[in-house]
Amino acid sequence: MATTVSPSGLLTISFFHFLLSNPALSSPLIDQLNHPPPPNFLSTITNNCLHDSSLRYCNSTSSDLTNIFKSTIVAAHLCNLSNSPNCPTSFSFIDLRTRPKLAPLYLSFSFFWKYCPFSIQSIDLSNNSLAGPFPSQILNCTQIHSLDLSHNMLSGFLPIDSFTLLTNLSSLNLSYNQFSQEFDAGAISFFKRFNDSSFIHSGLLKSDRDYKFKMMTTILLLVGVSALIASAIGCLVRRIGGRHKFSVRELTKATDGFSKERLVEKREKMEVYIGILKDGEEVEIEIQRGKVSSEFRRSFVKDCRVLVKVRHKNIVKVLGWCDGREMRAVVMEREEGVSIEEWLMRSPPWKDRMKVAMKVIEAMSFLEEEWPQIRCDVKTTNVMVSEGEEPLILKLKVHDHPNSSSREIYKFGVFLLQLIANKHLREEFEGSESRFVDWIAMHQHEKLRNIIDENMKLSATAHEQARQAIEIGLICTDLSTEKMLTVNQISSMLRVVYMPSMIQSVDGHHHRTRNKKKETT
Ligand SMILES: *[C@@H]1O[C@H](CO)[C@@H](O)[C@H](O)[C@H]1NC(C)=O
Ligand SMILES: *[C@@H]1O[C@H](CO)[C@@H](O)[C@H](O)[C@H]1NC(C)=O
Ligand SMILES: *[C@@H]1O[C@H](CO)[C@@H](O)[C@H](O)[C@H]1NC(C)=O
Ligand SMILES: *[C@@H]1O[C@H](CO)[C@@H](O)[C@H](O)[C@H]1NC(C)=O
Ligand SMILES: *[C@@H]1O[C@H](CO)[C@@H](O)[C@H](O)[C@H]1NC(C)=O
Ligand SMILES: *[C@@H]1O[C@H](CO)[C@@H](O)[C@H](O)[C@H]1NC(C)=O
Ligand SMILES: *[C@@H]1O[C@H](CO)[C@@H](O)[C@H](O)[C@H]1NC(C)=O
């Protein structure tokens with residue numbers, strides 16, 4: 001066998017030809033891996049190293065000969081599998097996109113990664129449902145320029161220190177994974193070169209983490225103005241019976257002195273804590289610090305007095321407030337769950353999506369009738385789903401004058417269309433709701449299949465329901481008509497489309513799929 005130096009750090013073309021032409025080795029990959037190296041293998045690689053000492057295997061001991069041999073076999077197969085040109089001499093990329101069976105197999109060949117050929121510039125392992133911790137062995141290919149691990153189910157932490165060895169990495173995609181890490185890409189100099197689009201829904205961005213705990217509510221710490229005098233006693237007054245008023249002292253105690261451990265969200269003017277009340281109830285406490293005018297405080301209390309009275313199983317329960325001079329707080333019930341945005345990533349079945357839409361519109365209808373001064377801001381990020389698949393609306397606003405609900409209906413329309421299409425407005429429509437709506441309107445007749453979330457396999461009945469629901473969504477978002485529908489009318493229309501008795505029989509097996517997915521999360 002002739003020996004030539006291959007720039008790839010693999011062995012030689014002739015060696016690869018030997019692999020292919022040797023009848024014993026033309027068997028499947030695993031069989032080939034069980035063969036011992038050919039007798040002249042050591043002299044082949046020794047020779048290669050004499051010509052180019054930078055090859056990855058040159059510093060290894062001879063006892064690793066078998067692994068080096070095996071790594072060349074895997075490299076040859078992987079190169080071919082990736083349709084790289086001129087395999088394996090210029091093996092420049094690993095393409096294992098959407099190969100959920102093959103990707104884990106190739107990842108398991110640790111000997112291959114250890115001797116990762118220097119010629120490889122880019123690695124794509126996206127869309128493979130890879131679960132578990134970050135596959136660190138990839139990082140042995142320190143020379144790569146591009147790495148895509150998006151659309152997997154990787155969890156845990158990023159091996160940040162090993163990452164920083166990839167000095168030439170210019171493209172990274174870790175989006176759509178389930179990492180659980182406080183990660184501030186801007187604070188680690190290596191990661192500064194990447195923007196948020198490398199980490200969308202990865203569990204690494206702060207916004208992902210917020211949803212993980214529970215959706216946070218921004219009720220009304222930024223309310224409008226009326227007039228009058230401040231309550232001089234402020235938060236010092238203890239909560240009395242039905243008065244729902246908390247003292248600063250109570251809240252301090254509930255949050256262990258506003259400790260960092262209990263802080264779950266911090267924005268410019270607002271902090272959210274998970275607190276435990278004296279009676280053991282776990283609550284969410286939203287705090288705004290700083291002095292405000294007395295009118296502001298008065299109006300704040302007035303609104304809180306309204307909100308604590310609202311009781312509906314699909315609307316977040318406001319338990320009370322605190323209106324100190326230096327600090328205002330809203331205390332809310334705390335529910336476990338995920339935002340609709342995150343829920344949709346688990347591909348819930350059609351039946352469950354319709355249930356959520358129905359319950360949300362019914363809650364809106366309840367508000368319109370009982371509390372016309374309260375508006376809710378329905379969005380996939382402002383509604384959560386609890387363990388029992390019950391939706392909960394988290395954002396409410398009190399208006400001075402009950403006005404037209406057209407904006408609310410528009411928002412619900414977008415929400416409904418999102419439940420069906422599961423598109424990411426931020427990434428796909430530059431965050432524009434109207435672009436999203438226009439896109440749906442444009443495709444609703446000829447390309448309905450493009451609109452409906454591809455992860456949802458619909459029966460004929462469900463498909464027809466989805467078609468009608470899209471129409472309703474478009475009616476809600478049609479701003480051209482003068483006469484807007486009422487929340488109640490929308491609710492009745494949806495009820496006609498979604499008849500629970502009919503739906504029950506639809507797509508039962510998808511329900512199972514969903515439950516299975518939940519177990520893995
Ligand atoms: C092999 O070892 C030498 C000296 O220890 C080092 O300079 C060289 O970079 C190493 N080569 C590789 C490919 O690791
Ligand atoms: C790659 O594999 C295909 C089919 O498995 C085979 O036909 C082809 O010859 C291989 N290419 C190389 C360069 O070995
Ligand atoms: C991801 O994989 C699924 C099947 O596992 C496939 O239907 C889908 O088209 C893939 N998506 C992309 C972007 O390749
Ligand atoms: C491979 O990576 C691991 C961890 O990332 C590291 O400990 C090891 O030294 C690397 N091996 C080689 C041969 O580069
Ligand atoms: C990055 O690229 C430069 C220039 O091509 C090269 O000299 C260097 O070795 C590369 N770094 C790594 C870690 O491979
Ligand atoms: C983020 O980075 C990607 C690729 O690195 C680039 O295409 C995109 O335009 C960047 N986005 C922003 C908002 O800078
Ligand atoms: C990462 O992948 C996601 C989903 O495919 C895509 O939306 C995003 O733009 C990609 N980011 C980069 C930096 O390529």
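Counting convention: from 1, in listed order, for ligands and their atoms alike. Just so it is clear, the model here is predicted, and its values are computed rather than measured. Along the sequence shown, the residues carry numbers beginning at 1.
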- Message: Ring centres under 6.0 Å, that's the criterion: do His424 and Tyr176 meet it?
- Response: yes
- Quick look: Tyr176 vs ligand 7, heavy-atom contacts under 4.0 Å, and the answer is side chain
- Task: Report yes or no: does Ser175 contribute a side-chain atom to a donor-acceptor pair with the main-chain N or O of Ile200 at less than 3.5 Å?
- Result: yes
- Under-4.0 Å heavy-atom contact with ligand 7, by part of Asp148 that carries it: neither
- Item | Heavy atom of protein closer than 4.0 angstrom to atom 7 (O) of ligand 5 | no
- Task: Identify the protein heavy atom lying closest to atom 12 (C) of ligand 5, giving its residue, its atom name and the separation to 0.1 Å.
- Result: Asn168 ND2, 3.6 Å
- Message: List ligand 7 atoms under 4.0 Å from Ser175, heavy atoms only on the residue side.
- Response: 1 (C)
- Ligand-residue contact atoms, ligand 7 with Ile200, heavy atoms, under 4.0 Å: 7 (O), 8 (C)
- Considering distance alone, does some N or O of Asn195 sit under 3.5 Å from an N or O of ligand 7? no
- Message: Show the atoms of ligand 7 that are less than 4.0 angstrom away from any heavy atom in Ser198.
- Response: 13 (C)
- Query: In ligand 5, which numbered atoms sit nearer than 4.0 Å to a non-hydrogen atom of Thr142?
  - Reply: 13 (C)
- Message: Between Trp113 (side chain only) and Tyr106 (backbone N and O only), is there a donor and an acceptor less than 3.5 Å apart?
- Response: yes
- Item | atom 4 (C) of ligand 3 [closest protein heavy-atom partner, distance rounded to 0.1 Å] | Thr98 CG2, 4.3 Å
- Query: Which residue and non-hydrogen atom of the protein lie closest to atom 5 (O) of ligand 7, and at what distance in Å?
  - Reply: His151 NE2, 3.6 Å
- Message: For atom 10 (C) of ligand 5, is there a protein heavy atom at a distance under 4.0 Å?
- Response: yes
- Item | Nearest atoms (heavy-atom pairs only) where Asn177 meets Met153 | OD1-N, 3.3 Å
- Relative to each other, are the rings of Phe41 and Phe69 parallel, tilted or perpendicular (30° and 60° limits)? perpendicular
- Query: In terms of the angle between their ring planes, are Phe109 and Phe111 parallel, tilted or perpendicular, with boundaries placed at 30° and 60°?
  - Reply: tilted
- Task: Would you confirm whether Lys423, through its side chain, and Ile420, through its main-chain N or O, come within 3.5 Å as a donor-acceptor pair?
- Result: no
- Task: Say whether, by atom type as modelled, one donor and one acceptor occur between the side chain of Arg56 and the main chain of Cys116 under 3.5 angstrom.
- Result: yes
- Message: Can you name the atoms of ligand 5, numbered from 1 with element, that are less than 4.0 Å from a heavy atom of Thr167?
- Response: 11 (N), 12 (C), 13 (C)
- Query: Has ligand 7 got any nitrogen or oxygen that is less than 3.5 angstrom from a nitrogen or oxygen of Ser197?
  - Reply: yes
- Proximity winner for atom 1 (C) of ligand 7, if only heavy atoms of Asn127, Leu174, Asn173, Leu149 are counted: Asn173
- Item | Test salt bridge (Lys or Arg N to Asp or Glu O under 4.0 Å) applied to Asp377 and Lys411, step by step | CA-CA 7 Å; Asp377 184 3; Lys411 291 243 170 193; 3.3 Å; yes
- Message: Looking at Ser71 and Phe112, would you say the former's side chain and the latter's main chain have a donor-acceptor pair under 3.5 Å?
- Response: no
